[in-house]
Amino acid sequence: MRIDLHAHTCMSDGTDTPSELVRAAVAAGLDVVAITDHDTSVGWDEAAAAARAAGIGLLRGMEISTRFRGRGVHLLGYLPDPTHPGLLAELRSVLDGRDARVPAMVARLRDLGLDVTVEGVRRLAGPTAAVGRPHVADALVAKGYVASRGEAFDRYLSPGRVAYASRAAGDLETMLAALRAAGGVGVVAHPWGRHDPGVLDHDGLAHLADLGLVGIEVDHQDHDAASRAELREIARSLGLVVTGSSDYHGHGKVDHDLGCNLTAPDELERLLDAAAAAARAAGRDVPAMIWPHPPV
Ligand SMILES: [Zn+2]
Ligand SMILES: [Zn+2]
């Protein structure tokens, strides 16, 4: 079984529609793919229909922007009830904050004499529920100010650069509780990506495990071999699930091809067991993963 548990579509900052993601996952030889757009479940229904038609397994999730002890942390939430009022309220406040961030960044770019507008950014963002930095980057590319999203981040949009505006995020501990109340489970995404372990060292992860975190995304392109080995050992010592995934964004991010990192089948099984327990505790039906099956 080839299992990839982290992928984006145009419902956040990827470039594929949910149906195109599913087709790309089939083409990449995956048996199971997760759809994990930022702070939203809006792509789930389309992806589910496409997965059922194609016969591929689908795990419905989202990647939630949170803060923990002063640092931004991405939390992968799998199989929550997307209509749960508490979770919806938390996600809404993240999305509202993200929307407010775009005008702040655009204003700074305009101060530099660059001709970008909020309307232009929103137009480029298309149907996404989460207009954010990548779309501001796209506007800079479209105007020819930079050659790529990467250059836009390096020159203008990364923390410490001139047009950076701090991100909207929910409190990680609050978000974990909301996720569990909605019958979902949380896995911390790329915890050591582009950072030192910082607040997500062994003690920080142990604290989050006590609060119900069920897994660590160990195999991710932002982690080198030494980080992966160390994180694997931390996960083992804390009894956490180990996941691996591509963080695919379509054409939106290079070196993140579907299947470039994989999750072991027994780790997926542990994740689903935890999700079933969370759903029972929340008084919901056991959440439905769509399993691979012969194409209908
Ligand atoms: Zn992330
Ligand atoms: Zn991601």
Side-chain angles (χ1 to χ4, degrees), residues 3-16 18 20-21 24-25 28 30 32-44 47 58-68 71-78 80 91 94-95 97-98 101 125 128-135 137-138 149-150 153 157-159 164 166-170 172 175-176 179 184 186-200 205 208 213 215-223 227-228 231 243-263:
I3 301 162
D4 184 341
L5 294 186
H6 182 166
H8 296 269
T9 77
C10 64
M11 297 305 168
S12 62
D13 54 348
T15 55
D16 290 359
E20 287 167 347
L21 167 66
L30 295 177
V32 175
V33 67
I35 178 172
T36 55
D37 281 308
H38 290 287
D39 311 307
T40 183
S41 63
V42 290
W44 286 13
L58 179 77
L59 194 60
R60 283 164 283 193
M62 54 182 75
E63 183 175 24
I64 309 173
S65 300
T66 73
R67 289 199 82 75
F68 177 57
R71 202 193 104 182
V73 174
H74 282 177
L75 177 68
L76 291 161
Y78 294 108
L91 293 175
V94 174
L95 289 172
R98 193 188 283 268
R101 189 186 191 194
T128 178
V131 183
R133 270 194 305 171
H135 308 111
D138 289 344
R149 273 189 181 180
F153 275 81
L157 301 174
S158 289
Y164 178 75
S166 65
R167 66 166 58 248
L172 175 55
M175 199 62 81
L176 262 179
L179 193 57
V187 171
V188 66
H190 47 74
W192 295 358
R194 287 176 252 118
H195 294 278
D196 296 327
V199 298
L200 293 176
L205 290 166
L208 294 173
L213 183 79
I216 300 176
E217 186 180 61
V218 170
D219 289 303
H220 184 280
Q221 295 300 78
D222 289 353
H223 293 153
S227 293
R228 294 181 190 208
L231 280 166
T243 70
S245 40
S246 61
D247 206 352
Y248 173 76
H249 281 69
H251 309 302
K253 210 172 191 179
V254 295
D255 194 29
H256 287 264
D257 294 337
L258 282 167
C260 66
N261 297 294
L262 296 170
T263 298

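Order of appearance sets the numbers: ligands from 1, and atoms from 1 within every ligand.
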Decide yes or no for Leu258 and Leu21: does some side-chain heavy atom of the first lie under 4.5 Å from some side-chain heavy atom of the second? yes
With sequence neighbours left out, the residues meeting ring pair (Phe, Tyr, Trp, His ring centres under 6.0 Å) with His6 are His8
Across all chains, not counting sequence neighbours, the salt bridge (Lys or Arg N to Asp or Glu O under 4.0 Å) partners of Asp247 are Lys253
Nearest 0.5 Å, what's the CD-CG distance between Glu63 and Asp13? 8.0 Å
Distances under 2.8 Å only: what protein N/O/S atoms are near the Zn ion (ligand 2), ordered by chain and residue? His6 NE2, His8 NE2, Glu63 OE1, Asp247 OD1
Residues at least two apart in sequence or cross-chain that pass salt bridge (Lys or Arg N to Asp or Glu O under 4.0 Å) with Asp138, listed by chain then number, are Arg149
Grab the two heavy atoms, one from Leu157 and one from Tyr164, that are nearest each other, plus how far apart they are. O-CD1, 3.2 Å
